[in-house]
Asks: 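Handing you a structure now.
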2 protein chains.
Amino acid sequence: MVLGYTMAKKADRLEAIREAHSLETETAHTDRMEDYLEVIYELIKKKGYATTIDISKYLNVSSPSVTKMVQKLDESGHLNYEKYRGIVLTEKGTSVAEGMHEKHNLLVEFLKMIGVKDDIANIDAEGIEHHLHPETLKKLEDFVKAAKKNISR
Amino acid sequence: MVLGYTMAKKADRLEAIREAHSLETETAHTDRMEDYLEVIYELIKKKGYATTIDISKYLNVSSPSVTKMVQKLDESGHLNYEKYRGIVLTEKGTSVAEGMHEKHNLLVEFLKMIGVKDDIANIDAEGIEHHLHPETLKKLEDFVKAAKKNISR
DNA sequence: TACTAATGTTAGCTAGGGTTAAATTTAAAA
DNA sequence: TTTTAAATTTAACCCTAGCTAACATTAGTA
């Protein structure tokens with residue numbers, strides 16, 4: 001019985017990998033689109049608008065890359081884009097961006113909590129935030145909340 | 001002063017995003033290569049060899065994709081590949097794969113610890129494991145160790 | 001208002017990783 | 001041993017996202 005259990009666990013590792021790579025996320029948007037939306041959202045929040053150059057600066061890409069992605073995000077309904085004029089996030093785009101923002105905050109909070117330095121926490125959060133199951137987010141949230149309570153107790 | 005601090009934090013968010021996307025990782029291998037190496041490693045560990053079909057199955061890709069990537073991993077020195085004959089991981093490839101394996105284990109352990117269910121923990125670990133700074137891994141490791149001690153206390 | 005600088009966009013190309021269809025090699029069965 | 005089936009590889013293609021160079025538009029200054 002113990003052996004059987006061990007075997008099952010071993011097989012699970014490969015099964016788990018398979019499941020992880022079979023996810024039909026069907027999100028209708030890519031990780032990269034999320035990155036752009038997040039930056040656009042933060043820029044608008046900070047200065048009221050998001051220019052091609054600023055977006056390119058914060059994503060470390062060229063301006064033509066930005067233009068291209070912005071056109072794509074316009075077509076997918078995440079924002080409204082008028083050539084040479086500007087960008088406005090739609091409700092859809094805002095909702096995606098806010099989701100990223102919250103995930104990012106939660107992750108940074110947690111990482112700092114276990115002692116990761118600010119800048120590294122931010123970098124890692126940026127890398128991780130695309131890949132978290134809602135359940136994981138929920139548990140992480142609970143954990144952070146509980147830990148905070150413990151500290152203040 | 002308080003305002004100044006707040007402003008700084010707001011600016012930091014965008015700066016953090018910028019840093020995260022400017023990383024010159026210079027790892028000489030991509031995330032996808034890591035995925036393949038991990039699966040190949042697990043397959044070899046489990047059955048002694050890794051076939052094209054098995055790899056394709058666990059990564060949910062077609063067999064031509066596997067062949068192509070295996071050729072690439074051969075050229076990069078992560079494995080030795082002989083057409084129609086088989087694959088042997090080199091030291092370099094093994095070391096990358098073992099690194100992934102360990103990161104994966106650590107992440108799953110942590111996620112389960114905070115209450116994430118087994119299968120989801122595995123899926124998320126798979127998504128996250130490419131994006132963790134060594135410092136973050138270290139802190140996470142410390143955290144898990146400490147938590148374990150607490151439980152058994 | 002006219003001219004120049006800055007910003008934004010288009011065109012054309014690259015690399016990574018994926019796919020299907022067709023060809024090859026290996027293995028198994030008659 | 002010949003024939004057939006399964007596994008593997010090659011060929012030819014697609015898509016995402018990036019880049020540089022060239023072009024267009026807007027804004028700022030003389």
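Residue numbers begin at 1 in each chain, while the letters A, B, ... track the order of the sequences. On a predicted model such as this, the values are computed, not experimentally measured, just so you know.
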Asks: When the ring planes of A/Phe110 and A/Phe143 are compared, do they come out parallel, tilted or perpendicular, using 30° and 60° as the limits?
Replies: perpendicular
Asks: Would you give me the side-chain donor-acceptor pairs under 3.5 Å for residues 113-121 of chain A, sequence neighbours excluded?
Replies:
residue, atom, partner, partner atom, Å
A/Lys117, NZ, B/Glu135, OE1, 3.1
A/Asp118, OD1, A/Asn122, ND2, 3.4
A/Asp118, OD2, A/Lys112, NZ, 2.9

Asks: Calculate, to the nearest 0.5 Å, the distance between atoms CG and OH belonging to A/Leu14 and B/Tyr58 respectively.
Replies: 5.0 Å
Asks: Exactly one of B/Val96, B/Leu79, B/Val66 should register a side-chain contact (heavy atoms from CB on, under 4.5 Å) with B/Tyr36. Which one does?
Replies: B/Val66
Asks: Does A/His130 have its ring centroid less than 6.0 Å away from the ring centroid of B/His131?
Replies: no
Asks: With heavy atoms under 4.0 Å as the rule, sort A/Thr52 into base, sugar-phosphate or nothing.
Replies: sugar-phosphate
Asks: Counting heavy atoms from C-beta on, name the nucleotide in C/dT10, C/dG12, C/dT26 closest to the side chain of B/Arg85.
Replies: C/dT26
Asks: In this structure, which one of A/Lys138, A/Lys139, A/Lys145 forms a salt bridge (Lys or Arg N to Asp or Glu O under 4.0 Å) with A/Glu141?
Replies: A/Lys145
Asks: Does the A/Thr90 side chain pair with the main chain of A/Gly77, one donor and one acceptor, at a distance under 3.5 Å?
Replies: yes
Asks: Which residue in the set B/Glu38, B/Glu129, B/Glu42 passes side-chain hydrogen bond (donor to acceptor under 3.5 Å, both in side chains) when paired with B/His101?
Replies: B/Glu42
Asks: From NE2 of B/His130 over to P of C/dG16, roughly how many Å is that when rounded to an integer?
Replies: 17 Å
Asks: Considering heavy-atom distances to DNA chain D, does A/Val61 or B/Ala50 have its closest nucleotide positioned more toward the 5' end?
Replies: B/Ala50
Asks: Residues from residues 30-41 of chain A sitting under 4.0 Å of DNA chain C, heavy atoms only?
Replies: none
Asks: Going 5' to 3' along DNA chain D, which nucleotides are the first and last within contact of chain A (any atom under 4.0 Å from a heavy atom)?
Replies: D/dT16 to D/dT26
Asks: Classify B/Lys72 by what it touches in the nucleic acid, base, sugar-phosphate, or nothing, heavy-atom distance under 4.0 Å.
Replies: sugar-phosphate
Asks: So, OP1 or OP2 of C/dT19: does either fall under 4.0 Å of a side-chain N or O from B/Ser65?
Replies: yes
Asks: Could you tell me whether the side chain of A/Lys83 has a donor or acceptor atom within less than 3.5 Å of a complementary atom in the base of C/dG8?
Replies: no
